[in-house]
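FYI, the numbering just counts along the sequence from 1.
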Amino acid sequence: MWRSLWRSIDRFSVQHFKYVINELQQIKVVHEHNREFVMDLLQSIVEIVTYGDRQDPFIFECFMEHQVLAEFVRILKISQDSKIEAPLLQYLSIMIQNMDSEHGIYYCFSNGYINSIISYPYNFDGGDLAPYYVSFLRAISGKINRDTLCLLVKVQRDDVVSFPLYTEALRFAQHEEKMIQTAIRAIVLNIYNVSDDMVYQFISTPPVSEYFSDLVLRLKDLCFRLDAFVCDKGKMDTQKRRNGLMLESDKIVDEMYFFKDILSVGEPRLSRLVTENLLNGLVFPVLFSLLASKNKIGYDLSAITSLYIISRLLQVVGGRSIINNVAGVILYYFLNINVRVLSEGNDASDVHDDVKPFSNCLYEVERIICNASESNGSESINRTYLSGGWECFMSSFNINSSNGEICSKRNGMLAFVFCEDHNLLLAFIFLLLILTESKDLDCLLSPMSGLYEMGDVMLQTNDASTSKSVNESIFIRFMHEILNALLNVLAFEQSLSIMMLWHAGWCLQKLLNFHKERLNSDNLLLFTTSYDRSRVNFLKEIDGVWFDHIPDTLRTEWTSCKRALEQSSQYKDPLFMLELLLHQQSSNGETSPSFAWKRMVDTVKAFILHFQLKTFIFEDVLLEKPLLNMIASSTNGCGAICASDVSSASFGSNISLESGIPCGIAFSNSEIRDIYVIPVASGIIGKFLLAEKHPFRSRHGVVIAIAPLAGLCPKIDEDHPSWLHLRIREFDPQFYTIKARRNHLSMPDQLADGRWTLGFPNAKACEEAQLAILNEITKQRSAVEYMLAPLLQYDLELAES
């Protein structure tokens, strides 16, 4: 017992460490019979070295003296059982991660032992070795700095010729497991952040630099996978399509953030490499596809996916060069007019670096567009070289010539502003707004794309007598046409999703914020027509089956709409471009309670949107909080007037039967039960109670069922005048809203209303019951109208003014 205790206390001594090392050195081959023993030895060594690094320097001196890392390498080579590799890598990872002293790290990375372990020919086919290996690489990358990085590279004549940590890590860059992908990205970012000039040169030189083009290819593949869901023609259900869009878009955003992380390192060679690959491999092909054709042709991305990708890229990755190149291609028509003045007769040194690619590629852009419109088929442009330094402008990219009007109108992508597809219209305006609000736009492009009236911006040439004035931006020049296009979306005769209306309203208010002249008479008439239609639809819902929920919906959505209209372009999620495809209005199931609920909510949202836009257009100061407070106080006051014990009754409550109407009802196949029906409205709350007589109290009853008063629609049976049919709302919007937010569910339309049939002694009693129910519904509806009176009165005063 004492011997066991002594050994456990002394297990971190130098003597015991030498004993373990000696035991390990005696191993001549590793096989299945001694594998467990070898693993125990390796574990003991790691534990002792980790302890010695912090507590006992003599242990680490022993570690160096006996070259224990060389023993790890030897164990790998003499192993006949691959199962030793995973624990060996795991123990090494633990040791390196827990090593704090710079002296210890420096020794471990020297002598080439770590590189030997990294470069060992492991068998990664099957099994779970890859995670342990990648974890080992990540542990090493976490300890490198400018002093230790040089120990992991092989240098010849001031050039890095071998860097196993980096090159071996890249082998797993496209691994199917997300955890391994994340670890590899952490490894390369750790390496990039060391700021070693020779390593940067190695990383940016082929074939190692092909990693960046592979990243762009992966991003491009994800874009096509997203596009498959975007272009689905009803082959999959809406929920599956929505989940696919969300999942693939999240993957794309993750990839873009990794590009941003690399650019954030701030190393010029890395930034240039990433930017060139993004522009040549993704941005330019996508933009030129949009220039050549607005439709999905061959293997190109669809227009809506392309606009989403570019918008996301500008928001997430950004950067001066990418933003200016995107703006340059989109505004090539303006650049032909204005920037050419700079490039003609000017030395290259006189032009800003960010403008050079634009001024040099203008003629090439125009040639591609014109050739695409004039040719009978599609031409394949294999490689276009730009004198501004951008090589491989496009590679094996198809240009379609189906739209010949692009070259003649010379407005390129601006044609999206005037297209009939509302999705493309909103998506393209959103893209323009992102560019407009960017602080990285070149001083030459900013006034051409901006929303502000910039005045005369003089572009000087070498000839002192020659200058060019830019006094119009793309928005200022086409403002009335763009506003008209947005108003046409709001005033579209066919029903559009409220999501599309909200985004159209957002774009409209965004532009009006900067447009001094406001709406002209034609546009104002268009908006008024749209507004009147939304108001009429809103008033109709007060007569609908969900009128009792209008006040709560109004208060909730008022703030949501206000927040949506004021959202900045830089923080607005362009995912709405894809979600609009999932929110097309449909008349399927329009009699179901869920559809009626959705219609009511969308109608209220549309009215709020038009109301807030109208107060903004007419520059009216809307006292929003006092107005909503008046609505809230009206609700409370209305409820207090008619409060009673009956209105607050719940299932199983004892209530008075003084106002009850006797009748009979049969639930399922059971026998007919004698009951009392009690319709009661208290303010905007209305209930329809079924109660049975209390067994001991003659004038009281017990509530056995409750239904909403609104939506009952009492109807007397034509063949049986003593029967009264009632429609019961089964859909619970509050329960659905909570569940839908958690699980991203779509609105169900398969739910049907419940049906109750009440039997009365005679036709007269049935008519009296119907009248009593309708009177209570009218009282409830009057309470809602009373509550909405401040809003509707303000609306009328605004219309008259």
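- Note that CG of L511 is 9.5 Å distant from CG of L432, once rounded to the nearest 0.5 Å.
- In this structure, CG on L483 lies 7.5 Å from NE2 on H480, to the nearest 0.5 angstrom.
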Step-by-step side-chain contact (heavy atoms from CB on, under 4.5 Å) determination, F416 to L425: CA-CA 6 Å; F416 284 115; L425 164 68; over 6 Å; no

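- Identified under the salt bridge (Lys or Arg N to Asp or Glu O under 4.0 Å) test for residues 184-195, with sequence neighbours left out: R185-E255.
- Classified by interplanar angle (parallel below 30°, tilted 30° to 60°, perpendicular above 60°), the ring pair F258/Y211 is perpendicular.
- For the pair N520/N523, a side-chain contact is recorded, criterion being any heavy-atom separation below 4.5 Å from C-beta on.
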In sequence, state the C-alpha distance, the side-chain angles, and the governing distance for Q181 and E176, and then conclude on side-chain contact (heavy atoms from CB on, under 4.5 Å). CA-CA 8 Å; Q181 289 182 25; E176 58 185 7; 5.8 Å; no

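- Residues V274 and V317 form no side-chain contact, since every pair of their non-hydrogen atoms from C-beta on lies 4.5 Å or further apart.
- One finds the CG atom of L554 at 14.0 Å from the NE2 atom of H549 (value rounded to the nearest 0.5 Å).
- Put simply, the side chain of L307 does not reach to within 4.5 Å of the side chain of N423, judged on heavy atoms.
- For the pair L426 and L486, the minimum side-chain heavy-atom distance is below 4.5 Å.
- The two residues S321 and L279 make their nearest non-hydrogen contact at OG-CD1, 4.3 Å.
- At a threshold of 4.5 Å between non-hydrogen side-chain atoms, the residues I203 and V188 do not count as touching.
- Looking at heavy atoms from C-beta onward, L314 lies in side-chain contact with L431 at the 4.5 angstrom threshold.
- Under 4.0 Å is where a charged nitrogen must lie from a carboxylate oxygen, and between K510 and E566 no such pair does.
- With values rounded to the nearest 0.5 angstrom, L487 atom CG is found 10.5 Å from L525 atom CG.
- Considering every non-hydrogen atom in both G505 and L490, the closest pair reads N-CD2, 4.3 Å.
- T553 and T556 share no donor-acceptor pair across their side chains, judged by distance under 3.5 Å alone.
- Ion pair E541/R599 flagged as a salt bridge, since at least one NZ, NE, NH1 or NH2 atom sits closer than 4.0 Å to an Asp/Glu carboxylate oxygen.
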Decide ring pair (Phe, Tyr, Trp, His ring centres under 6.0 Å) for F611 and W558; before the verdict, give the C-alpha distance in whole Å, the side-chain angles of both, and the deciding distance to 0.1 Å. CA-CA 10 Å; F611 189 94; W558 190 283; 5.5 Å; yes

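- For R269 against S204, the heavy-atom pair with the smallest separation is CD-OG, 4.2 Å.
- Between E267 and L270, the shortest heavy-atom distance links the atoms OE1-N, 3.0 Å.
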Could you go step by step and tell me if L501 and K605 meet the side-chain contact (heavy atoms from CB on, under 4.5 Å) rule? CA-CA 9 Å; L501 296 180; K605 287 182 177 180; over 6 Å; no

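- Distance alone, capped at 3.5 Å, is enough to place a donor-acceptor pair between the R533 side chain and the F492 backbone.
- When all heavy atoms of A183 and R138 are compared, the closest pair comes out as CA-NH1, 3.8 Å.
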Could you walk me through whether Q239 and N243 satisfy the side chain to side chain donor-acceptor pair (under 3.5 Å) test, starting with their C-alpha distance in whole Å, then the side-chain angles of each, then the deciding distance to 0.1 Å, before giving a yes or no? CA-CA 6 Å; Q239 189 59 44; N243 292 339; 3.2 Å; yes

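- One finds the CD1 atom of I322 at 10.5 Å from the CG atom of D440 (value rounded to the nearest 0.5 Å).
- In this structure Q315 satisfies the side chain to side chain donor-acceptor pair (under 3.5 Å) test with no other residue, sequence neighbours excluded.
- What you find for Q567 and K572 is that their closest heavy atoms are NE2-CA, 3.5 Å.
- One finds the CG atom of N488 at 7.0 Å from the NE2 atom of H422 (value rounded to the nearest 0.5 Å).
- If you check the side chains of S302 and D227, you find a donor sitting under 3.5 Å from an acceptor.
- A search for side-chain contact (heavy atoms from CB on, under 4.5 Å) contacts involving T182 returns K178, not counting sequence neighbours.
- Between C561 and W506 the shortest side-chain heavy-atom distance does not fall below 4.5 Å.
- Contact of the N325 side chain with the F284 side chain is registered, since non-hydrogen atoms from C-beta on lie closer than 4.5 Å.
- Classified by interplanar angle (parallel below 30°, tilted 30° to 60°, perpendicular above 60°), the ring pair W597/W546 is perpendicular.
- Looking at D214 and R218, no side-chain N of the basic residue comes within less than 4.0 Å of a carboxylate O on the acidic one, giving no salt bridge.
- Tested against Y308, the residues L301, L226, L313 include a single side-chain contact (heavy atoms from CB on, under 4.5 Å) partner, L226.
- You'll find the ring centres of F576 and F430 inside the 6.0 Å limit.
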Salt bridge (charged side-chain N to carboxylate O under 4.0 Å, His left out), that's the test. Do D602 and K598 meet it? Break it down for me. CA-CA 6 Å; D602 286 353; K598 184 177 183 301; 2.9 Å; yes

Intermediate values then yes/no, side-chain contact (heavy atoms from CB on, under 4.5 Å), I323 and L435: CA-CA 7 Å; I323 288 175; L435 289 172; 4.1 Å; yes

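- Y200 places a side-chain N or O within donor-acceptor distance of the main-chain N or O of Y192, the cut-off being under 3.5 Å.
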